[in-house]
Amino acid sequence: MAKATIILDPAFVVGKTDPRLFGSFVEHLGRCVYGGIFEPGHPTADSEGFRQDVLELVRELGVTIIRYPGGNFVSGYNWEDGVGPVDKRPRRRELAWFSTETNAFGTNEFMNWCVKAGMEPMMAVNLGTRGADEARALLEYCNVGSGTALSDLRHEHGHPDSHGVKLWCLGNEMDAPWQIGAKTAREYGTLARETAKLMRWLDPGIELVACGSSSRSMATFAEWERVVLEETFDVVEYISLHGYFSKHGNRSRDFMAEADWVGRYIDEIVAVADAVAARRRSPKRVMLSFDEWNVWYRTRDRATRTKPGWPEAPAILEELYTMEDALVFGAALLTLINRCDRVKVACVAQLVNVIGLIMTETGGRCWRQPIFYPFQHAAQWARGMVLDMRLTCGTFAAGDGEHFPDLVSAAVLAEDGRSLALFCVNRNFDQAIDTEINLRGLELGNFLESHVMRSDDLNATNTAEEPQRVRPEKGAAATAREGGWRLSVPAASWCVFRFECRPAKNAG
Ligand code: AHR
């Protein structure tokens with residue numbers, strides 16, 4: 001059996017997880033909205049057309065914040081198309097995903113859905129085909145109480161109360177050649193700064209996210225962030241990061257290591273943001289919004305991501321996730337948690353059907369993908385203080401021979417200080433890891449429970465017919481030992497171990 005040691009001491013913490021770390025994303029893309037969260041005529045649809053079966057799973061998942069309406073979609077979107085009487089809303093050819101957009105679902109439907117799902121909305125404005133004035137108008141429509149043309153229009157549309165949207169993205173992936181209205185860093189930075197200025201004047205209570213690079217592999221990566229932050233530093237709270245993990249052929253080792261560039265990516269953006277701050281002698285720290293992340297490779301190339309004939313809500317980007325994907329997903333999630341000092345917002349892309357945590361049949365059933373469970377566990381138990389752990393374990397070689405740790409872990413002390421959750425991903429496919437937890441300054445309570453997700457078949461997935469093939473089960477207990485605990489993390493598994501705990505009486 002492989003071995004690992006983890007040292008935990010509550011005197012050494014990374015920081016507190018922001019609830020917004022457990023966010024997701026709903027884009028007008030494929031069947032995420034239509035046939036996903038919204039399907040009038042579905043047997044479980046409520047009077048507003050929201051699927052109750054999906055809503056139940058969304059609540060179970062524990063998502064806190066949801067980004068909308070895109071993604072690439074937002075860069076060609078006229079928000080005015082999606083408000084007011086539904087029968088008057090225009091149908092449009094949508095150029096991000098080459099589909100027909102009916103606009104039957106729009107801003108007010110989204111806000112109502114968020115209320116039902118118990119989530120905070122996170123809105124993106126169109127800085128592709130439109131600009132500062134449209135963003136100002138949408139903000140007025142959403143957030144001003146009454147007494148202005150657009151707030152009164154919202155009243156007329158049946159929504160007297162302000163939607164009170166706090167968090168706004170200034171466009172989406174504006175560096176990307178595939179983006180409608182892509183820009184250079186200077187063009188985007190100037191536009192984002194002026195848009196932010198107007199939006200803040202209108203509603204000083206909002207928080208703003210500037211677009212970072214659309215991925216770490218862009219040629220302009222890091223220089224883009226530098227220029228954009230030079231322009232927007234004083235008017236934004238966050239810079240965005242987007243990351244998708246890919247498997248090439250059957251290279252499982254390389255795939256496992258994909259999650260590890262998340263940490264490097266975060267370090268690099270923090271360095272750029274803080275360098276911009278240093279040039280201004282500013283104590284301000286721009287935080288990170290990792291507002292698109294997931295495993296995505298089966299449906300990623302251009303040929304498979306659109307369907308001919310301008311279909312409505314085509315079934316595109318519908319990845320069926322496996323146990324192996326859940327390991328990479330879980331490792332990336334733990335990295336985000338371990339960097340909660342700077343990552344304050346994170347959104348899994350996306351919520352339903354489109355590279356989704358949840359799958360549906362239009363008109364039929366819905367089920368949880370394997371990646372649903374690590375997210376659910378973290379959203380529930382990673383709320384509190386992340387301990388700055390010291391982890392020693394074996395490694396595996398990937399790619400060009402670089403070594404990566406077999407075990408990825410995060411330890412979170414609950415806000416009330418009375419329980420501790422230890423999350424683990426074992427990337428050793430052959431051996432369990434016998435893990436010693438050395439506790440310092442923490443008094444032992446009882447072992448509470450463990451949950452283990454694994455499968456003999458790493459390609460196992462969940463389907464409508466077999467919705468529970470990959471799911472967590474109750475795991476083995478940890479055993480107390482002098483000064484800590486000993487536990488076993490099964491080969492190729494995602495695990496959570498929960499303990500009662502309280503600060504040691506002699507903790508200094
Ligand atoms: O999430 C799918 C797409 O990936 C988004 O629309 C875009 O922002 C990113 O490239």
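Reckoned from all heavy atoms, side chains included, excluding hydrogens, waters and symmetry mates. Counting convention: from 1, in listed order, for ligands and their atoms alike.
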If you measure every N or O of Asn72 against every N or O of ligand 1, does any of those distances drop under 3.5 Å? yes

Go through ligand 1 atom by atom and flag the ones less than 4.0 Å from a non-hydrogen atom of [X].
X	result
Trp97	3 (C), 6 (O)
Glu27	5 (C), 6 (O)
Glu173	7 (C), 8 (O), 9 (C), 10 (O)
Tyr244	1 (O), 2 (C), 4 (O)

Atom 4 (O) of ligand 1: of Arg300, Glu292, Gln350, the nearest heavy atom sits on Glu292

Whether over 12 other heavy atoms sit under 6.0 Å from Lys247 NZ: yes

Tell me every residue that passes ring-ring contact (aromatic ring centres under 6.0 Å, His included) with Trp97, counting only those two or more places apart in sequence or in another chain.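 For Trp97 there are no ring-ring contact (aromatic ring centres under 6.0 Å, His included) partners, ignoring immediate neighbours.
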
State which residues pass ring-ring contact (aromatic ring centres under 6.0 Å, His included) with Trp310; sequence neighbours excluded, sorted by chain then number. Phe98

At under 4.0 Å between heavy atoms, which part of Val354 makes contact with ligand 1: side chain, backbone, both or neither? neither

Go through the side-chain N and O atoms of Glu225 and Ser213 and say whether any donor and acceptor fall under 3.5 Å apart.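 There is such a pair between these side chains.
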
Assign the ring pair Tyr34 / Phe38 to parallel, tilted or perpendicular, where the plane angle (0 to 90°) is split at 30° and 60°.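 Because their plane-to-plane angle is over 60°, the rings of Tyr34 and Phe38 count as perpendicular.
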
Which of parallel (below 30°), tilted (30 to 60°) and perpendicular (above 60°) describes His377 and His451?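 Taking His451 first and then His377, their aromatic rings sit tilted (interplane angle of 30° to 60°).
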
